[in-house]
**Student:** 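Input: one structure, supplied below.
Hydrogens, waters and symmetry mates play no part in the numbers below; they use all other heavy atoms, side chains included. Note that the coordinates shown come from a computational prediction; the quantities given were computed from them, not determined experimentally.
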Amino acid sequence: NPKSKPAQEGLSASWNALSSLYAGRRDYRQAVDASLKALPFRELEYAAAGTGDERAEGTLWDLLYNLALHYTSLGEYDRGIEAGRRTVEISTKWAAAHPANTTAVRMVASADINMGDLYARAARRDESIASSQGAWAALDKLPMERFDTSYWRVIWANAYGAVIGELTA
């Protein structure tokens, strides 16, 4: 049954995987087209799951993140920025519902870091700086010194490094 949830999830995953393969070949037009075919399924899954479903939020976030990169690789900056803004929206909602969740905070920071890069590619420096500052503020909500494993400290240090790299580029 093509309308069943497992069939739709499989189709969405297939389109998403195909998009990744096209991107690996630097065929960004085909990567965008495949991502756009997966997007309605991921949007439906996200809407049905509601805020707090890490899997639905994560799969939509990943798809939009990659779509934003594919668009900017084609020089379609406004479309890339639009897709990137959706990752910020999703991350911000999730983090508001789970303020002490490390993954939620990391997603906000990652979305802002990505937006900083997207704005920089579009020669929109002020917006790039503002996004980088947003990433820094998100990371500061959970200071890395509070993490009891080196794994999360390294993730946080790398994220701060990405922000610094964006601000000094």
**Student:** Under the rule for side-chain contact (heavy atoms from CB on, under 4.5 Å), what residues qualify as partners of Y28, not counting sequence neighbours?
**Tutor:**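 Result, side-chain contact (heavy atoms from CB on, under 4.5 Å) vs Y28: A23, R26, H70, S73, L74.
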**Student:** Among all residues two or more places apart in sequence or in another chain, which pass the salt bridge (charged side-chain N to carboxylate O under 4.0 Å, His left out) test with D27?
**Tutor:**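 If we apply the salt bridge (charged side-chain N to carboxylate O under 4.0 Å, His left out) test to D27, skipping adjacent residues, the hits are R25.
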**Student:** With salt bridge (Lys or Arg N to Asp or Glu O under 4.0 Å) as the rule and sequence neighbours excluded, what pairs involving residues 135-154 come up?
**Tutor:**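 Of all non-adjacent pairs touching residues 135-154, none passes salt bridge (Lys or Arg N to Asp or Glu O under 4.0 Å).
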**Student:** Which residue pairs satisfy the ring pair (Phe, Tyr, Trp, His ring centres under 6.0 Å) criterion with at least one member in residues 112-133, sequence neighbours excluded?
**Tutor:**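 Listed by first then second residue: nothing to list.
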**Student:** Of all residues at least two apart in sequence or in a different chain, which pass the salt bridge (charged side-chain N to carboxylate O under 4.0 Å, His left out) check with E45?
**Tutor:**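 Salt bridge (charged side-chain N to carboxylate O under 4.0 Å, His left out) list for E45, sorted by chain: R55.
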**Student:** Output every pair passing salt bridge (Lys or Arg N to Asp or Glu O under 4.0 Å) with a member in residues 62-77, not counting sequence neighbours, ordered by first then second residue.
**Tutor:**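 Sorted pair list: R29-E76, E76-R79.
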**Student:** With sequence neighbours left out, what residues match E89 under salt bridge (charged side-chain N to carboxylate O under 4.0 Å, His left out)?
**Tutor:**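 Here the qualifying residues are R86, K93.
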**Student:** Which other residues belong to the hydrophobic cluster containing V105, where Ile, Leu, Val, Met, Phe, Trp and Tyr are joined when side-chain heavy atoms lie under 4.5 Å apart, directly or via other members?
**Tutor:**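 Members besides V105, by chain and number: I113, I129, W136, L139, L142, M144, F147, Y151, W152, I155, W156, Y160, V163, I164, L167.
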**Student:** Less than 4.5 Å apart, side chain to side chain, heavy atoms only: is that true for L39 and L60?
**Tutor:**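 Yes - at least one pair of side-chain heavy atoms lies under 4.5 Å apart.
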**Student:** Without swapping roles, check the side chain of S131 against the backbone of S128 for a donor-acceptor pair under 3.5 Å.
**Tutor:**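 Not a single qualifying donor-acceptor pair exists.
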**Student:** Restricting to ring pair (Phe, Tyr, Trp, His ring centres under 6.0 Å), what partner residues turn up for Y77, sequence neighbours left out?
**Tutor:**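 With sequence neighbours excluded, Y77 shows a ring pair (Phe, Tyr, Trp, His ring centres under 6.0 Å) to no residue whatsoever.
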**Student:** Is it the case that over 12 heavy atoms from other parts of the model lie below 6.0 angstrom from the CD atom of E43?
**Tutor:**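 More than 12 heavy atoms, drawn from other residues, nucleotides or ligands, come within 6.0 Å of this atom.
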**Student:** Do N158 and V154 make a side-chain contact, defined as non-hydrogen atoms from C-beta onward lying under 4.5 Å apart?
**Tutor:**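 Answer yes - side chains close enough.
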**Student:** I need the minimum non-hydrogen distance between N101 and A104, along with the two atoms involved.
**Tutor:**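 Answer, listing the atom of N101 first, then A104: OD1-N, 2.8 Å.
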**Student:** Can you name the residues that form a salt bridge (charged side-chain N to carboxylate O under 4.0 Å, His left out) with R125, not counting sequence neighbours?
**Tutor:**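 By the salt bridge (charged side-chain N to carboxylate O under 4.0 Å, His left out) rule, R125 matches no residue at all.
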**Student:** In a table with atom names and distances, give each donor-acceptor pair under 3.5 Å that connects a side chain of residues 9-16 to protein atoms at least two apart or in another chain.
**Tutor:**
{"from": "S12", "atom 1": "OG", "to": "R42", "atom 2": "NE", "distance (Å)": "2.7"}
{"from": "S14", "atom 1": "OG", "to": "G10", "atom 2": "O", "distance (Å)": "2.9"}

**Student:** Are any of the side-chain nitrogens in D117 or R121 under 4.0 Å away from the carboxylate oxygens of its partner?
**Tutor:**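 Between R121 and D117 there is a salt bridge, with a charged N closer than 4.0 Å to a carboxylate O.
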**Student:** Is any side-chain heavy atom of I90 closer than 4.5 Å to a side-chain heavy atom of Y46?
**Tutor:**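 Heavy-atom side-chain distance check passes, below 4.5 Å.
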**Student:** Tell me every residue that passes side-chain contact (heavy atoms from CB on, under 4.5 Å) with S20, counting only those two or more places apart in sequence or in another chain.
**Tutor:**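 side-chain contact (heavy atoms from CB on, under 4.5 Å) check on S20 returns nothing, list empty.
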**Student:** Please tell me if the side chains of S110 and Y65 come closer than 4.5 Å, counting only heavy atoms from C-beta onward.
**Tutor:**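 S110 vs Y65: side chains apart.
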